[in-house]
Enquirer: 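Sharing a structure below in structure tokens format, with a few things to ask.
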Amino acid sequence: MVTRDGAPWHYLDTGATAQKPQAVIDATVRAMGADYATVHRGVYARSAEMTLAYEAARRRVASFIGGREDEVVFTRGATEAINLVAQTWGQANLKNGDRVLLSLLEHHSNIVPWQLLAARTGVAIDVCPLTADGRIDLDAAERILTPAHKLVSFAHVSNVLGAVLDVPRAAALARGVGARLLLDGCQAVPRLPVDVAALDCDFYVFSSHKLYGPTGIGALWARADILADMPPWQGGGAMIDRVSFAGTTFAPPPARFEAGTPAIIEAIGLAAAIDYVEGLGMAALHAHEVTLAATLRTELQRLNAVTVFGPEDGVGVVSFALDGIHPHDLGTILDEENVAIRAGHHCAQPLMEHLGVPATARASFGLYNDESDIAALLRGIERTRRIFG
């Protein structure tokens, strides 16, 4: 990639949001221009065609993660998807005395919605610790879980440590106490082949913009029988069967959870992004990012006064800290070198507290990265250390 001035630009912040392939840009421009119309309501041809394209995007998402199209709800992103589950399924099924199990490495989006639910219902939240190398400690989870636990909600891949959850074991542990399993797949779907049936989870959420698609859209997948029993969340057009002042009946899923005019263009862009990454091959993308992450970890570990966090086999994300240098200072100097990283708590403040740091520097890889980006990052680190003496 290059800057606006044509100089090399080393983008290492895909964990926050991915750059967009031309195929996605072209698909959204076409949908916004020549093809644009509303969906589900028009009787004219272009509206019918756009409705077909929008629902084809839903089928594309479903096939990408191994689900059924009637199990995919479009949301504004993973954050909204988790909030939807908390405020519909959670509100209907969890009560005072029930428990939810989270982990220390969760993103705030998989912590705060459950805290809000707990404040309303009296549900208790337990926190699963991590192993020494930064994985969710499933041995500890086995000790913690009881029949009072109704939900286990874990990140499939950590946005800070790159640690990959042993999902089959997590699913077996949840099933063993009769709990549902929700997986935050934001960092997984751009990097791993995902099959929700094989994973044996109950809910799976992810965002489009980390998968090389547009912002403002994501997806909730949930088992059909669970969705069917979930009450509506937001009221409005499209989610109804019949409305009268005497009462309203609601559409079946997924329409029940998609009130109002949907993100039509964004859904089509997401489908284009899925076409793009599947054309490259998810296994190949996984191998590419694993190699880059392992190379960077090795190079960082050769430097003095550098702490690298997370397991050696983490996927696509490397977090680290330089002794005596705040990550924000490092990020600022790296920017002068046209190297873009993320510096901060990464919406994972409980994890930062556990690691004993206020923040980390995070390099996260995408399909467009190569060894030259690692070399530029290392040069920038050396310059930063010289500046700080």
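Numbers here are sequence positions counted from 1.
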Enquirer: For Arg175, what residues pass the side chain to side chain donor-acceptor pair (under 3.5 Å) criterion, not counting sequence neighbours?
Expert: Asp200, Asp202

Enquirer: I'd like to check Phe388 versus Leu330 (side-chain heavy atoms, cut-off strictly below 4.5 Å). Are they in contact?
Expert: no

Enquirer: Are any non-hydrogen side-chain atoms of Asp166 and Phe154 less than 4.5 angstrom apart?
Expert: no

Enquirer: Grab the two heavy atoms, one from His326 and one from Pro358, that are nearest each other, plus how far apart they are.
Expert: NE2-CG, 4.4 Å

Enquirer: Any donor and acceptor pair, going by atom type alone, linking the side chain of Ser319 with main-chain N or O of Val160 inside 3.5 Å?
Expert: yes

Enquirer: Would you say the side-chain atoms of Thr298 and Gln301 include a donor-acceptor pair closer than 3.5 Å?
Expert: no

Enquirer: Using modelled atom types only, decide if a donor and an acceptor are shared between the side chain of Arg76 and the backbone of Ala263 within a distance under 3.5 Å.
Expert: no

Enquirer: Going by an N to O cut-off under 4.0 Å, is there a salt bridge joining Glu337 and Arg379?
Expert: no

Enquirer: So that I can tick it off, tell me whether Arg385 and Glu382 are bridged by a salt bridge, with the cut-off set at under 4.0 angstrom between side-chain N and carboxylate O.
Expert: yes

Enquirer: Does Asp70 pair with Arg68 as a salt bridge, N-O distance under 4.0 Å?
Expert: yes

Enquirer: Side-chain contact, heavy-atom cut-off 4.5 Å: Tyr212 with Tyr368?
Expert: yes

Enquirer: Taking the side chain as every heavy atom from C-beta outward, state whether Ile111 and Pro350 have any atom pair closer than 4.5 Å.
Expert: yes

Enquirer: Go through the structure and list residues passing ring-ring contact (aromatic ring centres under 6.0 Å, His included) with Trp89, not counting sequence neighbours.
Expert: Phe203

Enquirer: Which distance, rounded to the nearest 0.5 Å, do you find between the CG of Leu117 and the CG of Leu151?
Expert: 9.5 Å

Enquirer: In Å and rounded to the nearest 0.5 Å, what is the CG to CD1 distance from Asp329 to Ile387?
Expert: 10.0 Å

Enquirer: Donor-acceptor check, side chain of Thr146 to backbone of Ala148, threshold 3.5 angstrom: yes or no?
Expert: yes

Enquirer: What distance do Gln187 atom CD and His107 atom NE2 have between them, rounded to the nearest 0.5 Å?
Expert: 8.0 Å

Enquirer: For the residue pair Asp373 and Leu377, establish whether any side-chain heavy-atom pair is separated by less than 4.5 Å.
Expert: no

Enquirer: Suppose we screen for ring-ring contact (aromatic ring centres under 6.0 Å, His included). Which residues come up paired with His345, at least two apart in sequence or across chains?
Expert: His108

Enquirer: Apply side chain to side chain donor-acceptor pair (under 3.5 Å) to Asp275 and list each qualifying residue two or more places apart in sequence or on a separate chain.
Expert: Arg60

Enquirer: Going by the rule side chain to side chain contact (heavy atoms under 4.5 Å, CB included), which residues pair with Glu353 if we only count those two or more places apart in sequence or in a different chain?
Expert: none

Enquirer: To the nearest 0.5 Å, how far apart are CZ in Phe206 and CG in Leu220?
Expert: 10.0 Å

Enquirer: For Ser244 and Ala246, indicate whether the former's side chain and the latter's backbone hold a donor-acceptor pair under 3.5 Å.
Expert: yes

Enquirer: Using a 3.5 Å cut-off and no angle test, enumerate the donor-acceptor pairs between side-chain atoms of residues 24-34 and protein atoms at least two apart in sequence or in another chain.
Expert:
| from | atom 1 | to | atom 2 | distance (Å) |
| --- | --- | --- | --- | --- |
| Asp26 | OD1 | Gln22 | NE2 | 2.9 |
| Thr28 | OG1 | Val24 | O | 3.1 |
| Thr28 | OG1 | Ile25 | O | 2.9 |

Enquirer: Do the side chain of Thr51 and the main chain of His40 share a donor and acceptor less than 3.5 angstrom apart?
Expert: yes

Enquirer: With sequence neighbours left out, write down each residue that passes salt bridge (charged side-chain N to carboxylate O under 4.0 Å, His left out) with Arg386, or none if nothing qualifies.
Expert: none

Enquirer: What residues, two or more places apart in sequence or in another chain, satisfy ring-ring contact (aromatic ring centres under 6.0 Å, His included) together with Tyr204?
Expert: His156

Enquirer: Distance-only check: which donor-acceptor pairs under 3.5 Å involve side-chain atoms of residues 229-242, not counting sequence neighbours?
Expert:
| from | atom 1 | to | atom 2 | distance (Å) |
| --- | --- | --- | --- | --- |
| Trp233 | NE1 | Gln87 | OE1 | 3.1 |
| Asp241 | OD2 | Thr249 | OG1 | 3.1 |

Enquirer: Indicate yes or no: at least one non-hydrogen side-chain atom of Asp13 is less than 4.5 angstrom from one of Ser364.
Expert: yes

Enquirer: So, does Thr14 use its side chain to make a donor-acceptor pair with the main chain of Thr17 at under 3.5 Å?
Expert: no

Enquirer: So do the side chains of Arg180 and Leu182 get within less than 4.5 Å of each other, counting heavy atoms only?
Expert: no

Enquirer: To the nearest 0.5 Å, what is the distance between CD1 (Ile274) and CG (Leu211)?
Expert: 6.0 Å

Enquirer: Does CZ in Arg223 sit with more than 12 non-hydrogen atoms of other residues, nucleotides or ligands closer than 6.0 Å?
Expert: yes

Enquirer: Short question: side chain of Lys210, backbone of Ser208 - any donor-acceptor pair under 3.5 Å?
Expert: no

Enquirer: According to salt bridge (charged side-chain N to carboxylate O under 4.0 Å, His left out), does anything in residues 256-267 pair up with another residue at least two apart or in another chain? List the pairs.
Expert: Arg58-Glu258

Enquirer: Only pairs at least two apart or in different chains count here, so list each side chain to side chain donor-acceptor pair (under 3.5 Å) that has a residue in residues 114-128.
Expert: Gln91-Arg120, Arg99-Asp126, Asn110-Trp114, Asp126-His149

Enquirer: Would you give me the side-chain donor-acceptor pairs under 3.5 Å for residues 280-292, sequence neighbours excluded?
Expert:
| from | atom 1 | to | atom 2 | distance (Å) |
| --- | --- | --- | --- | --- |
| His286 | ND1 | Arg191 | O | 3.2 |
| His288 | NE2 | Asn369 | O | 2.8 |
| Glu289 | OE1 | Arg191 | NE | 2.5 |
| Thr291 | OG1 | Ala287 | O | 2.9 |

